[in-house]
A.B. asks: 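Pasting a structure here, questions to come.
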Amino acid sequence: MKASTGINQGGCSGSGSKGGCGSSARPTQFTRAQADKVAQHPCYSPGAHHKYARMHLAVAPACNVQCNYCNRKFDCANESRPGVVSELISPQEAIRKAKAVAAAIPQLSVIGIAGPGDPLANLGRTFNTLEGLRSQLPDVKLCVSTNGLMLPQSVDQLVELGVDHVTVTLNAIDARVSEQIYAWVDYDGERYYGKEGAQLLIDQQLEGISKLIERGVLVKINSVLIPGINDVHLLEVSEAVRQAGAFLHNIMPLIAKPEHGTHFGLNGQREPLDYELTQIRELCGAHMPQMAHCQQCRADAVGMLGEDRSQEFNLNQLPERSEPYQTTMQRRTLLQAAIASQGASEEEGAKLVAVASEGGNLVDLHFGHAKRFHIYSVSSEGVVRVGERLTPVYCQGPDECDEGEDRFAQLLGLLEDMDAVFCARLGLEPWEKLEQAGIQPVVEYAWQPVHEALAQWWQQLPKLAQPRRRGVA
Ligand SMILES: C[S@@+](CC[C@H](N)C(=O)[O-])C[C@H]1O[C@@H](n2cnc3c(N)ncnc32)[C@H](O)[C@@H]1O
Ligand code: SF4
Ligand code: SF4
């Protein structure tokens, strides 16, 4: 009973889609670790959007470009489309809201920042929020959706903070097309118009996409289909992003109603017809796997794709006090393990195992050097990845080791519900402390593939698997 990987399926579920699909997408080869990441992201895998939920934190009001289709309104609770939010929140409020939603919706696997403006035009607010999420909700995936203008200079920090899913909106790779979509571009204190602004944006987007891919980040491309402007051109966009190494293309229909007050809406630019969207997705599907279950969510969307529970989680509705996040996290991991293995794990004595691994393919990291632990449920049902936990680095070298004790205590807290920890190496002292905490350190499988290592380890466990040692409150 393994998790659906979402590999080679063309990103086309049809369900919940605005428009059809039918694409015969070109296969994309993923490593197992990438496939695991995809499998738990509701936007990246059609199989995942029934199992996992997402939320957007509306912390980023400003934008550094003006798309002719965008008008960011703040006070519009009954409308659901990109850029719309009910309330703009601060990074601190965002963390509070994220904890409340993670507790209420255990299927929440991904938290993204997607506006209502551009996350990278609000660097302080965005990175403060991401830092808070990383340190206080270590088990959620972090996702950012950007126009790409500030990407090249932001990639290092995004990777450092553990963001491994980024969506870039790329509507054109030819400035003659792009200048019809963007009114202006603000960069380095200057405002650029026409082809000059368009070319600047394209250059930054393509450089940023390449850098993300070099660093192992999964990149999804959003393109807004604008009839008569970029419809046929999207074939070139699709081919370019395939060559760059993006893994999913999300062609979204333009929304352009006069009442939205956008340039296109007010000037009669028409929206695409359903069959036009289907045709373009089919044609682009020859280059790139297509996403067809995008719901064009609000910038503060909450819940499973296709549902919007944002109105249940406005700041004034959040509980005054919440349980410690560690308790929430442990409950979420057990529930996600049950979801992933369809309820079989508890009864069969499944083990929860944390693996120190750089990319999720090999058991290849020193325990103290892991920036994240990949969490697996291991049982007679197989090896199922059920999440990950981001961690402060315990020891980066002799100069930093005086902080080691505190960080180790944090690590123990992070992993206290695990049955075992796999890593490539581990010092004697942490070894003993892990054992005292009831967590088995395992180093015998250093440099072996994670799934094989875990399966072999399970095989050699005593045949009568013990029920799990610990439950959660
Ligand atoms: C609101 S934006 C926020 C992230 C970022 N500023 C960006 O543009 O990528 C999220 C997505 O919604 C799309 N979007 C915004 N307004 C739209 C509209 N009127 N019709 C279709 N897509 C739209 C954007 O192109 C982008 O892909
Ligand atoms: S980049 Fe995003 S937020 Fe900015 S104007 Fe375009 S759609 Fe709106
Ligand atoms: S707008 Fe599309 S890609 Fe973004 S969260 Fe919603 S479904 Fe996912």
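The analysis underlying the following values was restricted to heavy atoms, covering all of them including side chains, and did not include hydrogens, waters or symmetry mates. Both counts, for ligands and for their atoms, begin at 1 and track the order of listing.
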A.B. asks: At a non-hydrogen distance cut-off of under 4.0 Å, which region of T146 contacts ligand 1 (side chain, backbone, both, or neither)?
C.D. replies: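 Within the 4.0 Å criterion, T146 contacts ligand 1 through backbone atoms alone.
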A.B. asks: Using a strict 4.0 Å cut-off to heavy atoms of Y69, name the atoms of ligand 2 that fall inside it.
C.D. replies: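 So the answer, numbered in order with elements, is 7 (S).
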A.B. asks: So if I count the atoms of ligand 2 from 1 in the order they appear, which ones are less than 4.0 Å from some heavy atom of G117?
C.D. replies: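 Counting atoms of ligand 2 from 1, those under 4.0 Å from G117 are 3 (S).
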A.B. asks: Can you tell which part of V65 has a heavy atom less than 4.0 Å from ligand 2: side chain, backbone, both or neither?
C.D. replies: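 Contact part for V65 vs ligand 2: both backbone and side chain.
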A.B. asks: Using a strict 4.0 Å cut-off to heavy atoms of T169, name the atoms of ligand 1 that fall inside it.
C.D. replies: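 It comes down to these atoms of ligand 1: 7 (C), 8 (O), 9 (O), 25 (O), 26 (C), 27 (O).
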A.B. asks: Quick check on G117 - does any of its heavy atoms sit under 4.0 Å from an atom of ligand 1?
C.D. replies: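 Heavy atoms of G117 do come under 4.0 Å of ligand 1.
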A.B. asks: Heavy-atom contacts under 4.0 Å between P253 and ligand 1: side chain, backbone, both, or neither?
C.D. replies: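 For P253, the contact with ligand 1 is made by the backbone alone.
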A.B. asks: Using a strict cut-off of 4.0 Å, indicate which atoms of ligand 1 neighbour a heavy atom of V224.
C.D. replies: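 Answer for ligand 1: 21 (C), 22 (N), 25 (O).
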A.B. asks: Salt bridge check: are R215 and D156 linked by an N-O gap of less than 4.0 Å?
C.D. replies: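 Yes.
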A.B. asks: Can you confirm whether the side chains of N147 and T169 place a donor and an acceptor under 3.5 Å from each other?
C.D. replies: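 The answer is no; no qualifying pair exists.
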A.B. asks: Any atoms of ligand 2 less than 4.0 Å from a non-hydrogen atom of C63? List them with their elements.
C.D. replies: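 Listed by number with element: 1 (S), 3 (S), 4 (Fe), 5 (S).
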A.B. asks: Quick test of your reading of the structure: of G115, A256, A114, A62, whose heavy atom lies closest to atom 3 (C) of ligand 1?
C.D. replies: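 Considering heavy atoms of G115, A256, A114, A62, the nearest to atom 3 (C) of ligand 1 sits in A114.
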A.B. asks: Does ligand 2 have a heavy atom under 4.0 Å from the side chain of C67, from its backbone, from both, or from neither?
C.D. replies: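 For C67, the contact with ligand 2 is made by both the backbone and the side chain.
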A.B. asks: On the 0 to 90° scale, with breaks at 30° and 60°, tag the Y376-H451 ring pair as parallel, tilted or perpendicular.
C.D. replies: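 Perpendicular, since the angle between the ring planes exceeds 60°.
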A.B. asks: Against heavy atoms of C70, which atoms of ligand 2 measure under 4.0 Å?
C.D. replies: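 Checking each atom against C70, I get 5 (S), 7 (S), 8 (Fe).
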A.B. asks: Just to check, does S145 reach to within less than 4.0 Å of ligand 1 when the distance is taken from its heavy atoms?
C.D. replies: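 Under 4.0 Å: yes for S145.
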A.B. asks: Have a look at ligand 1 and work out which part of N222, if any, has a heavy atom under 4.0 Å from it: side chain, backbone, both or neither.
C.D. replies: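 It is the side chain that touches ligand 1; the backbone stays farther off.
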A.B. asks: State the atoms of ligand 1, each with its element, that fall below the 4.0 Å cut-off from a heavy-atom position in N147.
C.D. replies: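 The atoms of ligand 1 under 4.0 Å from a heavy atom of N147 are 5 (C), 7 (C), 9 (O).
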A.B. asks: Measure I255 to ligand 1 on non-hydrogen atoms and call it side chain, backbone, both or neither using the 4.0 Å cut-off.
C.D. replies: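 It is both backbone and side chain that touch ligand 1.
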A.B. asks: Please classify the P116 to ligand 2 contact at 4.0 Å (heavy-atom distances, strictly less than): side chain, backbone, both or neither.
C.D. replies: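 The backbone, only.
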